[in-house]
Amino acid sequence: MVTLLADGREESVGALVVPHGTTILGWERKPHGWCRGDACIPSFRAAAAETEQGVDLVKFAELLGRQAAVDLEEGVVAIGEPAESELDRAPDFGPLPGLRGTKVALVFWASWCGCRYDLPAWEVLHRELGEYGFSVVSVSLDRAPEDAAEWLADVTHPAVVDADGRIAELYNVINVPTVVWIDEEGRIARPQDTMTATDTFRSMNGLSSERAVSALRRWVVEGDAGTTTRRLLPPTDDERRARLHARLAAWLFRRDRKEAAERHLATAAGLAPHDLAIRRGLMPLNGVDPFGEEYFKLREELEEAGVAIYRPLPDWHEDVR
């Protein structure tokens, strides 16, 4: 048996070649091809994944533009999200479809980041600007949901925990805090930005919360989203592969298969050494203090390589370290 990690779910399949007649990743075989709703892959294209024995799961995922990371020794495979073609539209998850007609600040944070102290300030903005048709949606990148729980105890805004890293993959988030603005029609008004709601760690990040919050208010009240692009910044192929290996690492850490987990973590770090959402985010599952010596070694490594820890968009840049 092989454990399949895909679409935020976990299921068992007999092997990587699945029997004919099996629904794969929500797609069903029809006489003219594979279909999911109104979308179809014609038979001549699907033939690349079909054999006499069945359908090759990894090759089928590739037909959908989805990458795969496979560890047959550990009996697990992770399937990534499709490469996003509409970078001006916010990928749906959780509460977002129910917030059409509302402006949204999608706030990525984690208990392993000082930005956890900003959550009460984001909650204040959620309540203050609600009358203008605005909502905060916070997304914790904690791999263990219980680590985020205490910080979410008093919030009223929609909040989710991205334990498998799928939402970070959808929005190409490589560190926290990261904030994305989404307009009333579900389109990107401002892509991935390093924003803070307080100046608690300004001495470390060089970011002005006053400028950020003032700009947010202008957008909510006046519709002014600034001068930046209104498309998500896309991931590279290596960043996409890194997230799949991180997903395998997290799954293996949770099952005390540390050696295999560390192997996939090392692969992910090699593919995307700048991705702190992976490298720092997996520290707690590996028994490493994300505020301790290993984290500061990681910061030093990236700084020496000229890799920015924080990546605010240019119109709010202010002596960022």
Side-chain angles (χ1 to χ4, degrees), residues 67 69 107-118 140-143 147 162 165 168-169 171-180 191-196 198-209 211-212 228-229 232-250 252-253 258-321:
Q67 295 181 340
V107 178
F108 291 88
W109 68 283
S111 70
W112 43 261
C113 168
C115 54
R116 66 193 187 278
Y117 293 113
D118 277 11
S140 163
L141 299 194
D142 285 284
R143 297 288 182 162
D147 291 343
D162 186 26
E169 181 182 349
Y171 282 85
N172 188 25
V173 175
I174 61 174
N175 196 13
V176 286
T178 292
V179 180
V180 177
Q192 305 96 316
D193 193 9
T194 306
M195 280 183 64
T196 58
T198 74
D199 285 338
T200 305
F201 293 95
R202 188 169 180 175
S203 63
M204 291 183 65
N205 58 40
L207 298 171
S208 168
S209 64
R211 293 171 67 187
T228 63
T229 177
L232 287 171
L233 308 176
T236 66
D237 285 345
D238 279 351
E239 286 172 330
R240 294 173 67 203
R241 281 193 289 272
R243 288 176 178 131
L244 290 181
H245 284 282
R247 191 172 301 170
L248 293 183
L252 290 162
F253 274 132
K258 187 171 181 178
E259 183 177 349
E262 288 182 337
R263 174 164 43 84
H264 285 286
L265 176 54
T267 299
L271 289 166
H274 57 285
D275 194 326
L276 285 162
I278 292 173
R279 299 185 68 186
R280 190 182 186 190
L282 285 172
M283 285 181 181
L285 287 184
N286 197 17
V288 176
D289 181 359
F291 297 99
E293 182 180 352
E294 288 301 313
Y295 169 59
F296 286 99
K297 282 184 182 177
L298 175 56
R299 279 185 66 110
E300 183 178 355
E301 169 198 322
L302 296 179
E303 288 168 355
E304 288 179 352
V307 176
I309 301 294
Y310 305 107
R311 302 186 182 202
L313 297 175
D315 51 345
W316 292 345
H317 187 278
E318 181 179 303
D319 187 29
V320 175
R321 296 174 174 81

Distance from Gln192 atom CD to Leu232 atom CG, nearest 0.5 Å? 5.0 Å

Quick one: list whatever passes salt bridge (Lys or Arg N to Asp or Glu O under 4.0 Å) with Asp275, sequence neighbours left out. Arg243

Hey, could you give me each pair passing ring-ring contact (aromatic ring centres under 6.0 Å, His included) that has a residue in residues 263-294? Not counting sequence neighbours. His245-His264

Measuring from Glu300:CD to Tyr295:OH, what's the distance to the nearest 0.5 Å? 12.5 Å

Between Met195 and Thr178, is any pair of side-chain heavy atoms under 4.5 Å apart? no

Donor-acceptor pair, side chain of Asp162 and main chain of Ala168, under 3.5 angstrom: yes

Close side-chain approach of Asn286 and Phe253, heavy atoms under 4.5 Å: yes

Let me see the working for Leu265 and Ile278 under side chain to side chain contact (heavy atoms under 4.5 Å, CB included), right down to the final yes or no. CA-CA 8 Å; Leu265 176 54; Ile278 292 173; 4.2 Å; yes

Rounded to the nearest 0.5 Å, how far apart are NZ of Lys258 and CG of Leu252? 13.0 Å

Under 4.5 Å between any side-chain heavy atoms of Val307 and Pro273, yes or no? no

Apply side chain to side chain donor-acceptor pair (under 3.5 Å) to Arg241 and list each qualifying residue two or more places apart in sequence or on a separate chain. Asp238

Do the side chain of Arg211 and the main chain of Ser208 share a donor and acceptor less than 3.5 angstrom apart? no

Side chain to side chain contact (heavy atoms under 4.5 Å, CB included) for Leu276 and Ile174? Distances and angles first, verdict last. CA-CA 6 Å; Leu276 285 162; Ile174 61 174; over 6 Å; no

Taking the side chain as C-beta and beyond, is there a heavy-atom pair between Leu282 and Arg143 under 4.5 Å? yes

Give me each pair satisfying salt bridge (Lys or Arg N to Asp or Glu O under 4.0 Å) with a member in residues 276-291, each pair once, sequence neighbours excluded. Arg279-Glu301

Roughly how far apart are Thr194 OG1 and Asn205 CG, rounded to 0.5 Å? 8.5 Å

Any chance the side chains of Asp118 and Thr196 put a donor and an acceptor closer than 3.5 Å? no

State, yes or no, whether a side-chain contact exists between Val180 and Pro191 at a heavy-atom distance under 4.5 Å. no

Roughly how far apart are Glu239 CD and Leu244 CG, rounded to 0.5 Å? 12.5 Å

Which is it for Arg299 and Met204 under the side chain to side chain contact (heavy atoms under 4.5 Å, CB included) test, yes or no, and what are the steps along the way? CA-CA 12 Å; Arg299 279 185 66 110; Met204 291 183 65; 3.8 Å; yes

Looking at Asn175 and Ile309, would you say the former's side chain and the latter's main chain have a donor-acceptor pair under 3.5 Å? yes

Tell me, do Asn172 and Pro234 make a side-chain contact under 4.5 Å, heavy atoms counted? no

According to side chain to side chain donor-acceptor pair (under 3.5 Å), who are the partners of Ser140, at least two apart in sequence or on a separate chain? Asp142

Output yes when a side-chain donor or acceptor of Asp199 lies under 3.5 Å from a complementary backbone atom of Ser209, and no otherwise. yes

If you compare all heavy atoms of Ala246 against all heavy atoms of Ala268, which two are closest, and at what distance to 0.1 Å? N-CB, 4.1 Å

CG on Leu207 to SG on Cys115, rounded to 0.5 Å: 11.0 Å

Apply salt bridge (Lys or Arg N to Asp or Glu O under 4.0 Å) to Arg247 and list each qualifying residue two or more places apart in sequence or on a separate chain. Glu169

